[in-house]
Amino acid sequence: MELHNKFLWALPVFMLSFLISYNGVEASHNVYLHYQSLSAIKVEQVHRTGYHFQPKKHWINDPNGPMYYNGVYHLFYQYNPKGAVWGNIVWAHSVSTDLINWTPLEPAIFPSKPFDKYGCWSGSATVLPGNKPVILYTGIVDKNNTQVQNYAVPANLSDPYLRKWVKPDNNPLIVSEAGVNKTAFRDPTTAWLGRDGEWRILMGGRRKDTGIAFLYKSRDFMKWKKAANPIHQSAGTGNWECPDFYPVAKSGTNGLDTSVLGQNVKHALKVSLDATRFEYYTLGKYYPAEDRYVPDNTSPDNWKGLRYDYGNFYASKSFFDPSKNRRVLWGWANESDAAKDDIKKGWAGIQLIPRTITLDPIGKQLLQWPVKELDTLRGAHVRLSNQLLKKGDLVGVTGITPAQADVEVTFSFRSLDLAEPFDPKWKKLDAQDVCSKRGSFVQGGLGPFGLVTLATEDLQEYTPVFFRIFKDAGKHVVLMCSDATRSSLKKELYRPSFAGFVDVDLTDKKLSLRSLIDHSVVESFGAGGKTCISSRVYPTKAVSDKAHLYAFNNGTEAITVETLDAWSMKTAKVN
Ligand SMILES: *[C@@H]1O[C@H](CO)[C@@H](O)[C@H](O)[C@H]1NC(C)=O
Ligand SMILES: *[C@@H]1O[C@H](CO)[C@@H](O)[C@H](O)[C@H]1NC(C)=O
Ligand SMILES: *[C@@H]1O[C@H](CO)[C@@H](O)[C@H](O)[C@H]1NC(C)=O
Ligand SMILES: *[C@@H]1O[C@H](CO)[C@@H](O)[C@H](O)[C@H]1NC(C)=O
Ligand SMILES: *[C@H]1O[C@@H](CO)[C@H](O)[C@@H](O)[C@@H]1NC(C)=O
């Protein structure tokens, strides 16, 4: 993943003069070698998370090469060891036995060779037969941002933590061919093995405005050849970064190794869109003989596509965990504040809670759920049941720590009759725009109802996560919002009304919601993980023990909180 000029140009001039290694050389193109940023002197704690993944200080972005090896989970990630803005990127490395508590190690990969002198960017791990991990990553070889693909292997396979990685001298393994844009050629995927004995990987790229997933093949993992055709491409989507391609089982909840093929699987292709800074995925069919992937006609193959998460979520990557037969997804959540705030905080970026991915039984989308190990952090517990919420009701959830909590709630209602009509003018809008017109304070028929998180008692500051149900030509449209508009009195912050539609059957007249609240992040899972939204928020007053949690209803139809379980979350040992 790369960041755009405008990001760093946003730093005020007086800040730039403090950048330790700023030497007055103007960076050309998108390489910021000289913007090394201010090393954090003091790390501000107030908005730091208690159980999300963060290093002690400084900037992080993409999760890289997640894997499981001999009882240990590895997470690598793009990291600036020198400051809280993007730059000097290395592969930082942490290990865990439960995906929740993490021990930091020395960076695994950092620029040192001609084939990665100007940057060690994102990539993936593959565990080869014989239990031999190998990392593929993108190296930047010159000041013009030319991208090549390299590999690294553990120096000592007996070291339980695989602390040291070696970058052999036969790197780079792959350089772009003539006709391929070499500054948009990156982020190799985990490899999969075809029945023909050839390994395959994808790299993201573009041709003009067409996003492309290039396919490369190899018998020995060393000599790679570009396939005649990309596995897939889509016009008008712009540059594709961080592709991820994997099988999902058509039935059951087990995850699958990346190489699994056959009648009982579908495939998912996820791409991160450089132009819009969000991701989308499609479900479809992979034809191994032709090495082509064709999305189902139920998956829009463009900017309107399905998203893992409709909020701050980017550069995600999944891996197969053979110890628990599951596929686990990691995604990066950037900050919503400005670069100057990040420099002041001394840190920027978190990884969201890893999620188990399965196929929705309906087959049209994926379901995501926090890994079950997260439950080990649950402490004090309160439960509400059968609580009726009339229009305007706001019910406090007390007895837990609202700024660091896990909440699961099931709402029910007696009828769908009062659902508001879906304005035909909104058909052209996406969910976020609809949510911006119909916030929690705009009273409705059936909804808005949901949770109010990180709130002051007078709702001067609050981040509501809620549903709103509309009628549209004989069917119902369910909108889920995570609305940061009033999350902070600091009005200059980016405070979007993130939202997604929920493809859910309302026959039982119930909707469930789970929110992971952690100081500056609210990560929510609607309808059992059909629609997920993460918001980064920075309340000024609704912080630590001054934050409140409520359930609310602002619709005419009464809503019953069938059960609401809330837990205080213990602080995880993260790095
Ligand atoms: C970078 O691009 C410029 C302009 O195309 C070219 O003159 C220069 O030789 C390139 N430098 C390298 C190191 O490739
Ligand atoms: C490899 O790691 C094992 C286990 O930590 C250790 O005993 C051994 O000395 C290491 N080998 C080398 C060559 O460092
Ligand atoms: C190549 O990709 C880079 C990065 O996305 C882009 O800025 C540039 O315009 C592309 N060049 C061409 C010829 O499409
Ligand atoms: C419910 O609506 C009223 C009236 O607009 C508003 O004052 C209140 O803040 C809303 N509640 C929430 C949780 O937004
Ligand atoms: C996260 O930050 C916000 C606010 O600055 C930007 O609008 C987003 O584009 C950015 N997201 C990513 C993935 O970089």
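Atoms within a ligand are numbered from 1 in the order they appear, just like the ligands themselves. Computed from a predicted model, the values in this text were never measured in an experiment.
- Checking atom 7 (O) of ligand 4 against the protein gives no heavy-atom contact under 4.0 Å.
- Of the protein's non-hydrogen atoms, the one nearest atom 5 (O) of ligand 4 is Phe441 O, 2.6 Å.
- Shown in contact with Phe552 at under 4.0 Å from a heavy atom are these atoms of ligand 4, numbered in order with element: 13 (C).
- Taking the ring centre of Tyr77 as origin, the terminal cationic atom of Lys317 falls outside the region bounded by 6.0 Å and 45° from the ring axis.
- Figure legend: Arg307 and Phe313 shown without cation-pi pairing, the cationic atom not lying both under 6.0 angstrom from the six-membered ring centre and within 45 degrees of its axis.
- Ring geometry for Phe422 versus Trp426: interplanar angle over 60°, hence perpendicular rather than tilted (30 to 60°).
- Neither the backbone nor the side chain of Tyr550 has a heavy atom within less than 4.0 Å of ligand 4.
- Note that Arg438 lies outside the cation-pi zone of Phe470, set by a 6.0 Å cut-off to the ring centre and a 45° limit from the axis.
- Neither side chain, Tyr310 nor Asp430, offers a donor N or O lying under 3.5 Å from an acceptor on the other.
- Within the structure, ligand 4 lacks Phe466 among the residues with a heavy atom less than 4.0 angstrom away.
- Counting atoms of ligand 3 from 1 in the listed order, those under 4.0 Å from a heavy atom of Thr183 are 1 (C), 2 (O), 3 (C), 4 (C).
- Ring planes of His93 and Phe76: parallel class, angle under 30° (limits at 30 and 60°).
- Residue nearest to atom 2 (O) of ligand 2, selected from Asn156, Leu157, Asp159: Asn156 (by heavy-atom distance).
- Gln78 contributes atom CD, which lies 3.5 Å from atom OG of Ser122 (distance to the nearest 0.5 angstrom).
- Taking every heavy atom of Val452 and a limit of under 4.0 angstrom, the matching atoms of ligand 4 come to 13 (C).
- Given atom 4 (C) of ligand 2, the protein heavy atom at minimum distance is Ser158 O, 3.5 Å.
- If you check the side chains of Asp483 and Thr485, you find a donor sitting under 3.5 Å from an acceptor.
- Summary of contacts: the protein heavy atom closest to atom 1 (C) of ligand 4 is Asn554 ND2, 1.5 Å.
- Taking only nitrogen or oxygen atoms, main chain and side chain alike, Asn181 reaches within less than 3.5 Å of ligand 3.
- The nearest protein heavy atom to atom 14 (O) of ligand 2 is closer than 4.0 Å.
- Side-chain atoms of Ser482 and Ser524 include no donor-acceptor pair closer than 3.5 Å.
- Scanning Gln147, Arg186, Arg206 for the heavy atom closest to atom 9 (O) of ligand 3 points to Arg206.
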